[in-house]
> 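Have a look at this one.
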Number of protein chains: 2
Amino acid sequence: MRDPVRAALDVCPVEVSIAVLGGAWKLSVVRYLLTRTHRFGELQRAVGEVTPRTLTRALRELETDGIVTRTVYPEVPPRVEYSLTELGRSLGPVVDWLEQWGESYAKTQATLSSDATLGD
Amino acid sequence: MRDPVRAALDVCPVEVSIAVLGGAWKLSVVRYLLTRTHRFGELQRAVGEVTPRTLTRALRELETDGIVTRTVYPEVPPRVEYSLTELGRSLGPVVDWLEQWGESYAKTQATLSSDATLGD
DNA sequence: CGGTATCCCACGGGATACTG
DNA sequence: CAGTATCCCGTGGGATACCG
């Protein structure tokens, strides 16, 4: 188990969830994998401007935490597919929820910032 | 708007949610404020071993992001109360969900680690 | 009581180059 | 194609001490 997760265990269950899902790109990855299995390159293009190193680390951590599965096909050229575990799929509802919340939050803040801009 | 949140806007709504809620202690704070208004010291004792500086920063960010309200009572000794905004209260369901998910995750991983220990 | 100030460090994430 | 290697840096969070 990763250290941040272990540390969160001593605090509160919600901190455990954040320790597992809190990193940048992680929930985006889960979101795309909810639709279907992706190859590394697909994932990279899907989530946007993420460097391969950062994406690899996010995927490795999600793998360690039991959220994604990594399957290597010993072919040339190499092919690696990422998919969700049962546990990963169980995140469907909350990813959905957070996506909608984030969306409506963005709208709210857009309104606030246009108000605030008047006072700039 | 805070930079991490602004950056997340260019990525994906779920990243916005993570940018707002992803920090350590933040969701714990929200969780306690969902039950009732708390004073600073209460919050500090409630969430566990968090330093005042870290808790202050978490609260300030949550305030900036429109999740919590800070009310100062000009008394001696000073009293400051934190409560949730409407937006903050809208997090009720997801905090609940993440708490349960984190809880069951902890159990799962406990099982896995006891299995893994056999192989250590 | 409810914070700040100061210092410190680890780690997450980016940039760039390279490889099996 | 799917990464690694290397370097770098900002920031988040902790420790400790102090303040209005």
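In the text below, chain A, chain B and the rest are named by the order of the sequence lines, each starting its count at 1. Quick note: numbers below take in every heavy atom, side chains included, and nothing from hydrogens, waters or symmetry partners. The structure presented is a predicted model; accordingly, all values stated were derived computationally and were not measured.
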> Distance check: side-chain N/O of Arg57(A) vs OP1/OP2 of dG12(C), anything under 4.0 Å?
yes
> Out of Val14(B), Leu98(B), Val94(B), which residue meets the side-chain contact (heavy atoms from CB on, under 4.5 Å) rule with Trp97(A)?
Val94(B)
> Calculate the interatomic distance between His38(B) atom NE2 and dC1(C) atom P; express it in whole Å.
16 Å
> Taking C-beta and beyond as the side chain, do Val20(A) and Trp101(B) meet within less than 4.5 Å on heavy atoms?
yes
> Taking all heavy atoms of Arg39(A) and all of Glu42(A), pick out the closest pair and write down the distance.
N-OE1, 2.7 Å
> For Glu86(A), does the CD atom sit with more than 12 other heavy atoms under 6.0 Å from it, leaving out its own atoms?
no
> May I have the step-by-step check of side-chain contact (heavy atoms from CB on, under 4.5 Å) for Thr35(A) and Leu33(A), ending in yes or no?
CA-CA 5 Å; Thr35(A) 68; Leu33(A) 293 184; over 6 Å; no
> Please step through side-chain contact (heavy atoms from CB on, under 4.5 Å) for the pair Phe40(B) and Thr56(B), ending with a clear verdict.
CA-CA 8 Å; Phe40(B) 183 86; Thr56(B) 300; 3.5 Å; yes
> Within the pair Arg39(B) and dC1(C), is there a side-chain N or O less than 4.0 Å away from OP1 or OP2?
no
> Quickly work out the Glu42(B) CD to dG3(C) P distance and round it to whole Å.
12 Å
> Check the distance between dG14(C)'s P and Leu55(A)'s CG and give it to me in whole angstrom.
10 Å
> Considering only heavy atoms, which members of residues 7-35 of chain B lie under 4.0 Å from some atom of DNA chain C?
none
> Keeping Thr85(A) on the side-chain end and Ile67(A) on the backbone end, is there a donor-acceptor pair under 3.5 Å?
yes
> Across nucleotides 3-9 of chain D, 5' to 3', mark each nucleotide with B, S or - according to how protein heavy atoms within less than 4.0 Å reach it.
BBBBB--
> Sub-3.5 Å donor-acceptor pair from the side chain of Thr54(A) to the main-chain atoms of Val50(A), do we have one?
no
> OP1 or OP2 of dA15(D) sitting under 4.0 Å from any side-chain N/O of Thr51(B)?
no
> Measure OH/Tyr73(B) against P/dG3(C) and give the value in whole Å, please.
13 Å
> In whole angstroms, how far is the P atom of dA15(C) from the CD atom of Glu49(A)?
8 Å
> To the nearest Å, give me how far apart CD (Gln44(A)) and C1' (dC1(D)) are.
10 Å
> Using the test salt bridge (Lys or Arg N to Asp or Glu O under 4.0 Å), find all partners of Arg2(B) that sit at least two apart in sequence or belong to another chain.
Glu61(B), Asp65(B)
> Can you tell me the distance, in whole Å, between the CD atom of Glu61(B) and the P atom of dT11(D)?
11 Å
> Between Leu62(B) (CG) and dG13(D) (C1'), how many Å, whole number?
15 Å
